[in-house]
Chemist: 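Got a structure here, written out as structure tokens. Questions coming.
Computed over heavy atoms, backbone and side chain alike; hydrogens, waters and symmetry mates excluded. Note that ligands are numbered from 1 as they come in the structure, with each ligand's atoms numbered from 1 the same way.
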Amino acid sequence: MIRYTIQGGAPLNGTVTVSGAKNAAVAILPATVLVDGVCRIENVPDISDVRLLLKIIQNMGAGIRRLSPNTLEIDGRSVRCVPAPEELAQKIRASYYLIGAQLGRFGRACVALPGGCNFGPRPIDQHVKGFEALGASVEIDSGCVTAETEDGLRGGHVYLDIVSVGATMNIMLAAVLAPGLTVIENCAKEPHIVDLANFLNAMGAKVSGAGTDVIKVRGVSRLTGGSYSIIPDQIEAGTYMAAVAAAGGNVLVQNVIPKHMDCITAKLREMGLSIAEYEESIRVEKTRPLKAAKVKTMPYPGFPTDMQPQIAVCMSLAKGTSMITEGIYDARYRYTAELQRMGANVDVSGKVAVIEGVKSLQGCKVKAYDLRAGAAMVLAGLAAEGETIVENAHYIERGYEDIIGKLTALGAKITRSEVPDLEPAEKTG
Ligand code: EPU
């Protein structure tokens, strides 16, 4: 078990560089299975979810060379259709992208049902609906998804009943090599969806409309390979911005696309943070106490659910009564019990959390329940009086590259240690 120990109260000052986007990388790596050639991918975040996916695609026969810490060369020419090992696939939500990728390349797929952070039920019915519209028969049995076609997929028309990031990307993956035209309507519009489309196009695909609610994919006979650089991580950047809101200080967050940050920047400004935007960076400074705010999480360009726990920490320290309405998941408030143990005043009822700001939080021993909840505990620890111990911090390392190094460089007092396991690792994504 990985444990972080934080001595709170030190403001954050300096520059932090944001890594490549996790939720783009975890779709782009499975997408290399579709490529009958070599992909050179830059700005790949060095996080445990990525390392796990690399193991899975290597097991399928992909040749992987690390050219630098964040640049990979992946050779998909000798990839075979082998089932993703259950013990690996089940650990990560994004293993569902292997279904679309295997189906697209081989006309069949066999992948263990994905896990993922525990936010209540997370069905994949919209992914299945898309695969079926492209001509696949899909069965979910004994924790495994098996998809088959008689003679490969063909273009089709899908209207998503729910705006789903995963389903939008998975259907895109399945469609790129399917002869004919695929139209996906009511798509998600997150920056990582555009990034996946750009990656696929750089490899030879014909995807248009990503970033709008209708995506069209004209099937090509082969993806030949090429070079691509993954976009910066919107949520990692937002987490460092929220860290300044919670702990104070003045930080230049660099390697960001400011447009992707609009929904987060607007809310933090409303709460009193001074924020200046530049071409590829954002300066965040806390010059006055935070004010209460209201947030409803929504699909992009709305406020992201993956920033909900971090903004809750800021609200815990803001003057007045704040309110969060979780618009994506049924149960993403498990972490609030930990926040309350640090002195926060949070009242959760269904999808709504009402947060009465307090003057300060007090350090204590808390658990990371999932990736973003874990990041929120770190933020709370940075802002709190005294020492905070965050247990189960391995969750955090699934999505944040070198968070200890980055925070330490900003003046945070945070250390990492490994101690015997508390409980079996859960799943993420
Ligand atoms: N949904 C369905 N049926 C489906 C698909 C989704 O009912 O077939 C529901 C989900 O249960 C949820 C909503 O639709 O209530 C949206 O789910 P979505 O499919 O958009 O989420 P996801 O693909 O499972 C990805 C990210 C999550 C992020 C969400 C929303 C990955 C690997 N995961 O999950 O990231 O919260 O989109 O933006 O990309 C994280 O990074 O911490 C994380 C949890």
Chemist: Tell me whether D370 is salt-bridged to R398, with the criterion being a basic N under 4.0 Å from an acidic carboxylate O.
Modeler: no
Chemist: Give a yes/no verdict on whether any heavy atom in P123 is under 4.0 Å from an atom of ligand 1.
Modeler: yes
Chemist: If you count the atoms of ligand 1 from 1 in the order shown, which ones are under 4.0 Å from a heavy atom of I124?
Modeler: 4 (C), 8 (O)
Chemist: Just which atoms of ligand 1 are under 4.0 Å from any heavy atom in R93?
Modeler: 24 (O)
Chemist: What part of Y395 sits under 4.0 Å from ligand 1 if we count only heavy atoms: the side chain, the backbone, both or neither?
Modeler: neither
Chemist: Any heavy atom of K22 closer to ligand 1 than 4.0 angstrom?
Modeler: yes
Chemist: Which of the atoms of ligand 1 are close to L371, meaning less than 4.0 Å from one of its heavy atoms?
Modeler: 42 (O)
Chemist: Determine, using heavy atoms of Y300 and all atoms of ligand 1, whether some pair is separated by less than 4.0 Å.
Modeler: no
Chemist: Where is the tightest heavy-atom contact between A245 and L273, given as atom of each residue plus distance?
Modeler: CA-CD1, 3.6 Å
Chemist: Under 3.5 Å, is there a donor-acceptor pair between the Q310 and T239 side chains?
Modeler: yes
Chemist: Can a donor-acceptor pair be found between the side chains of Q234 and H192 at a distance below 3.5 Å?
Modeler: no
Chemist: D306 and salt bridge (Lys or Arg N to Asp or Glu O under 4.0 Å): which single residue from K22, R93, R332 fits?
Modeler: R332
Chemist: Give the atoms of ligand 1, by number and element, whose distance to some non-hydrogen atom of G166 is under 4.0 Å.
Modeler: 19 (O), 23 (O)
Chemist: For the residue pair Q254 and T15, confirm or rule out a side-chain donor-acceptor distance under 3.5 Å.
Modeler: no
Chemist: Looking at every non-hydrogen atom in both residues, tell me the closest pair between V50 and A25 and how far apart they are.
Modeler: CG2-CB, 4.0 Å
Chemist: Kindly give the heavy-atom pair with the smallest separation between K286 and V244, and that separation in Å.
Modeler: CD-O, 3.7 Å
Chemist: Tell me whether the guanidinium CZ or amine NZ of R416 lies under 6.0 angstrom from the six-membered ring centre of Y4 and within 45° of its axis.
Modeler: no
Chemist: One thing to verify: whether E73 and R40 come together as a salt bridge, which I'm taking to mean a side-chain N less than 4.0 angstrom from a carboxylate O.
Modeler: no
Chemist: Before signing off on this row, confirm whether N23 and ligand 1 have an N or O atom pair separated by under 3.5 Å.
Modeler: yes
Chemist: Check the angle between the aromatic planes of F131 and H127 and answer parallel, tilted or perpendicular using the 30° and 60° thresholds.
Modeler: perpendicular
Chemist: Measure from atom 34 (O) of ligand 1 to every heavy atom in R122, M169, E326 and give the option owning the shortest one.
Modeler: R122
Chemist: Can you find an N/O atom of V165 closer than 3.5 Å to an N/O atom of ligand 1?
Modeler: yes
Chemist: Which ligand 1 atoms does Q126 reach within 4.0 Å, using its non-hydrogen atoms?
Modeler: 3 (N), 4 (C), 8 (O)
Chemist: If the contact criterion is a heavy-atom separation under 4.0 Å, does M298 count as touching ligand 1?
Modeler: no
Chemist: For I162, take its heavy atoms, then give the atoms of ligand 1 lying under 4.0 Å from any of them.
Modeler: 2 (C), 7 (O), 14 (O)
Chemist: Side chain or backbone, does E190 bring an N or O within less than 3.5 Å of an N or O on ligand 1?
Modeler: no
Chemist: By number and element, which atoms of ligand 1 are closer than 4.0 Å to a non-hydrogen atom of H127?
Modeler: 8 (O)
Chemist: Under a 4.0 angstrom heavy-atom cut-off, which atoms of ligand 1 come close to I328?
Modeler: 12 (C), 13 (C), 15 (O), 16 (C)
